[in-house]
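Note that the coordinates shown come from a computational prediction; the quantities given were computed from them, not determined experimentally. Here is the naming used below: chain letters follow the sequence lines, and residue numbers restart at 1 for every chain.
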2 protein chains.
Amino acid sequence: MAKAASKVERRSGIALWRQIADRIRLAISSGEFSERLPPEMELAERFGVNRHTVRGAIAALTQEGVLRAEQGRGTFVKRRRSLSYPVGARTRFSEGPKGQARERRGILLDHAVEPADPRTAAALEIEPGAKVVRLETLSEADGRAVSRATSFFDATRFASIDDIYAESGSITVALKSFGISDYFRHSTQISARHAGDTDLADLKLSPGAIVLVTVYVNVDPDGRPVQFAETRFAADLVELSVS
Amino acid sequence: MAKAASKVERRSGIALWRQIADRIRLAISSGEFSERLPPEMELAERFGVNRHTVRGAIAALTQEGVLRAEQGRGTFVKRRRSLSYPVGARTRFSEGPKGQARERRGILLDHAVEPADPRTAAALEIEPGAKVVRLETLSEADGRAVSRATSFFDATRFASIDDIYAESGSITVALKSFGISDYFRHSTQISARHAGDTDLADLKLSPGAIVLVTVYVNVDPDGRPVQFAETRFAADLVELSVS
DNA sequence: TAGATTTGTCTATTGATATAGACGACTATA
DNA sequence: TATAGTCGTCTATATCAATAGACAAATCTA
């Protein structure tokens with residue numbers, strides 16, 4: 001396969017150190033750099049830049065927790081793995097990555113009752129302007145923030161769902177307390193973009209990081225929409241799996 | 001929803017003009033800017049930067065063919081679209097975006113017969129090292145490159161699939177000529193990352209651009225794997241839809 | 001231990017980014 | 001045909017990004 005080398009693009013609006021940081025991150029996840037990175041001088045030659053520029057990239061990745069540099073010894077890879085989340089009719093993101101038996105936690109960051117905008121109303125099949133409950137939630141796996149979600153529920157059906165979520169940290173449990181013993185993923189839209197301000201902060205990402213965005217509707221067994229939501233995953237930690 | 005505003009990230013390694021260009025592109029495809037952009041001064045205020053910085057972003061998007069500025073009148077949206085590709089059991093990326101009735105073309109960039117690496121062998125259920133045909137393909141919709149794929153086929157079953165693909169520009173047609181009249185998407189892995197060198201060039205993206213990556217296996221009606229592939233979509237043009 | 005290798009820090013210089021203000025050119029409209 | 005609104009261009013300045021070279025500090029190995 002193509003080595004993580006060749007040239008970097010100059011005056012493209014993306015600083016060279018950032019381009020190189022991205023390449024190194026990619027090379028790590030593709031297994032090209034497994035344990036130890038090549039010396040700074042060698043990387044500088046490979047990318048065709050000054051050693052100090054490479055150092056900038058390494059500093060960023062160190063800050064990010066991907067690398068650890070040791071004077072006199074070298075620069076080492078600190079962590080590498082990615083979580084796989086299933087997407088399908090039976091999907092519950094709240095149940096966490098499949099089979100990977102990790103500790104997961106759902107945290108309620110914020111909640112509000114507000115009028116539904118047209119898009120939300122259409123998704124939930126209610127009147128535009130009707131009251132909805134909005135939940136802003138964060139999911140952690142093994143203490144690492146992996147996803148950030150914004151969910152909407154019909155306020156007349158799910159009045160105090162915020163309280164129950166705050167307690168249980170689970171949408172599945174919260175819905176159950178409203179008599180929804182089972183539900184299905186109706187549709188999922190997947191896209192990707194650079195993380196915004198709040199996601200950057202909440203997911204503890206570095207500027208320029210990517211989020212995988214899923215927009216979806218969950219329906220009860222009668223086909224009635226119960227939840228309309230957008231979940232943003234840190235793309236360097238997570239992949240989605242459709243089966 | 002959140003307006004395409006708030007603040008931009010300073011000294012993040014991504015130039016402000018590029019961040020703003022990305023935001024404007026996104027705002028266009030989400031329909032926030034439909035026909036005409038707000039005046040440069042207003043955008044500058046919204047993003048909290050100087051007017052000249054906004055002009056840099058507009059210049060880049062003009063170069064890209066997204067905007068057209070007219071002195072004295074304003075700045076206008078030239079093209080607006082986000083293609084939606086379905087992902088599911090009946091998915092054929094080669095058939096292009098759903099219902100959007102566009103002209104699409106599949107182009108064979110490269111092909112080779114080579115021994116299967118362990119991952120490919122496992123996916124196709126053949127012996128590691130057995131010969132596979134690798135196709136490097138590019139898909140265009142309305143003359144715009146939207147995706148770049150690397151596919152593997154068992155070389156003993158699909159000997160000269162490259163020729164047929166080169167002619168037809170369609171995997172579906174190519175498989176049909178080998179007696180595979182129907183096939184199904186067995187599994188799809190979805191992730192996102194910054195585009196690599198070759199994708200950057202093939203998809204005509206600017207450095208730092210994001211690709212949506214799908215890794216999948218297609219099986220024939222008997223459940224035998226026929227194709228193992230990775231398709232990279234330009235994330236600023238495409239979203240995936242699971243239903 | 002001596003020498004080689006590798007990361008850490010410093011200074012200096014150049015080019016790209018971003019800000020600031022001013023004014024010209026073109027368009028629409030009152 | 002004024003006038004307001006908007007894009008185009010110019011000059012000047014400050015800050016960030018990248019290059020260049022030198023040497024210190026820590027580590028490994030012969």
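- Remark: B:Ala60 engages B:Trp17 in a side-chain contact (heavy atoms from CB on, under 4.5 Å) (not counting sequence neighbours).
- In terms of the side chain to side chain donor-acceptor pair (under 3.5 Å) criterion, residue partners of A:Glu70 (sequence neighbours excluded) are, by chain and number, A:Arg68, A:Arg73.
- One atom, CG of A:Asn50, and another, C1' of D:dA22, lie 13 Å apart when rounded to the nearest Å.
- Every residue two or more places apart in sequence or in another chain was checked for a side chain to side chain donor-acceptor pair (under 3.5 Å) with A:Arg36, and none qualifies.
- With sequence neighbours excluded, no residue forms a salt bridge (charged side-chain N to carboxylate O under 4.0 Å, His left out) with B:Glu42.
- Comparing the end axes of the helix from C:dT1-D:dA30 to C:dA30-D:dT1, each fitted to five base pairs by superposing C1' atoms of four pairs onto the next four, gives an inter-axis angle of 30° (nearest 10 degrees).
- The environment of CD in B:Glu114 is crowded: more than 12 heavy-atom neighbours from other residues, nucleotides or ligands sit within 6.0 Å.
- Residues satisfying the side-chain contact (heavy atoms from CB on, under 4.5 Å) test with B:Gln71, not counting sequence neighbours, are none.
- The CZ-P distance, from B:Phe76 to C:dA28, rounds to 8 Å in whole Å.
- Residues that satisfy the side-chain contact (heavy atoms from CB on, under 4.5 Å) test with A:Ala155, not counting sequence neighbours, are A:Val113, A:Lys131, A:Val133.
- At C:dT19, one or more side-chain N or O atoms of B:Thr53 fall inside 4.0 Å of OP1 or OP2 (strictly under the cut-off).
- For the pair A:Ile20 CD1 and D:dA17 P, the interatomic distance rounds to 14 Å; values are reported in whole Å.
- For the pair A:Trp17 CH2 and D:dT19 C1', the interatomic distance rounds to 17 Å; values are reported in whole Å.
- Taking the side-chain contact (heavy atoms from CB on, under 4.5 Å) definition, one finds that B:Thr62 meets it with B:Ile58, B:Leu67, sequence neighbours left out.
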Walk along nucleotides 5-15 of chain D from 5' to 3' and tag each nucleotide B, S or - by protein heavy-atom contact under 4.0 Å, base first, then sugar-phosphate.
BBBBBB-----
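- Separating the CZ atom of B:Phe47 from the P atom of C:dA18 is a distance of 14 Å, rounded to the nearest angstrom.
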